[in-house]
Amino acid sequence: DAGVIQSPRHEVTEMGQEVTLRCKPISGHNSLFWYRQTMMRGLELLIYFNNNVPIDDSGMPEDRFSAKMPNASFSTLKIQPSEPRDSAVYFCASTRTSGSNEQFFGPGTRLTVL
Amino acid sequence: AQSVSQHNHHVILSEAASLELGCNYSYGGTVNLFWYVQYPGQHLQLLLKYFSGDPLVKGIKGFEAEFIKSKFSFNLRKPSVQWSDTAEYFCAVNPLYNQGGKLIFGQGTELSVKP
């Protein structure tokens with residue numbers, strides 16, 4: 001199994017630009033999670049989906065952030081417009097809720113907004 | 001409020017010292033418990049997990065954790081740390097009434113091992 005796949009691995013953009021982060025969960029997993037990690041705030045859960053349906057988006061910082069999961073094998077996290085304070089590492093994780101609920105993390109996308 | 005508390009923000013040890021990292025949670029029902037490790041510049045990886053049965057759980061790289069239900073604790077231990085154990089350690093709890101497998105993470109403990 002390839003594990004959770006995220007792209008791009010690194011993204012450098014300028015303030016005001018749109019940023020789209022992508023995630024492919026492990027095949028057969030039915031829950032997907034987006035996290036943000038910074039030195040100041042640590043690991044934060046932004047949003048999670050169960051069976052492609054958003055369950056809890058209370059961690060999404062503001063309306064500039066949006067996430068979609070159009071099918072079981074793909075999710076996007078979009079920031080529009082981006083700001084320097086959005087600079088962070090964004091992790092995607094997936095799990096199968098009928099099992100252990102162990103989450104498997106992707107390698108992350110390091111986002112830098114100039 | 002539902003929470004997971006890790007007592008130490010940063011721990012510094014010399015090689016061969018023993019390690020214990022504290023973790024307490026605030027849920028009264030059935031939970032699954034996890035410890036994740038994040039090596040510098042990498043993503044979170046599972047170290048060990050507890051679902052049921054023997055409360056003493058053994059994980060990878062010589063780590064173990066003990067679930068003490070009466071204390072709502074799941075402390076991580078290693079008898080002799082190595083320089084390569086330098087990493088950040090996260091305790092996480094999955095309350096089984098949660099939909100969708102959501103984990104509640106502690107704030108993390110940074111471990112620095114001096115050679």
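The chains referred to below are lettered A, B, ... by the order of the sequence lines, with proteins before strands, and numbering in each begins at 1.
Heavy-atom distances place the side chain of B/L46, and not its backbone, under 4.5 Å from chain A. Heavy-atom distances place no part of B/Q107 under 4.5 Å from chain A, backbone and side chain included. Looking at A/L32, neither its backbone nor its side chain comes within 4.5 Å of chain B, counting heavy atoms on both sides. Of the atoms belonging to A/Q37, it is side-chain heavy atoms, and not backbone ones, that fall under 4.5 Å from chain B.
For the pair B/L44 and A/L43, the minimum side-chain heavy-atom distance is below 4.5 Å. The shortest side-chain heavy-atom distance between B/Y36 and A/Q103 falls under the 4.5 Å cut-off.
Heavy atoms from other residues, nucleotides or ligands lying under 6.0 Å from NE2 of B/H9 number 12 at most. In the displayed structure, A/R41 atom CZ is contacted under 6.0 Å by at most 12 heavy atoms of other residues, nucleotides or ligands. Within 6.0 Å of CG on A/D63 lie no more than 12 heavy atoms contributed by other residues, nucleotides or ligands. Heavy atoms of other residues, nucleotides or ligands lying less than 6.0 angstrom from CZ of A/R64 number more than 12. Within 6.0 Å of CD on B/Q45 lie more than 12 heavy atoms contributed by other residues, nucleotides or ligands.
Using a distance-only test at 3.5 Å, with no hydrogens or angles considered, no donor-acceptor pair links the side chain of A/Y48 to the main chain of B/G101.
The shortest non-hydrogen separation linking A/E102 to B/K49 is OE1-NZ, 2.9 Å.
Chain B forms the most heavy-atom pairs under 4.5 Å with one residue out of A/F104, A/Y35, A/F49, and that residue is A/Y35.
One hydrophobic cluster, built from ILVMFWY side chains closer than 4.5 Å, holds both B/V4 and B/V11. Under the 4.5 Å side-chain heavy-atom criterion for ILVMFWY residues, a single connected hydrophobic cluster contains both A/W34 and A/L111. Tracing side-chain contacts under 4.5 Å through hydrophobic residues (I, L, V, M, F, W, Y), one never reaches A/F33 starting from A/I5; they form parts of separate clusters.
The NZ atom of B/K102 sits 4.5 Å away from atom CG of A/D56, with the distance rounded to the nearest 0.5 Å.
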Candidate pair A/F91 and B/Q38, rule side chain to side chain contact (heavy atoms under 4.5 Å, CB included), full reasoning: CA-CA 12 Å; A/F91 289 105; B/Q38 185 177 29; 3.5 Å; yes
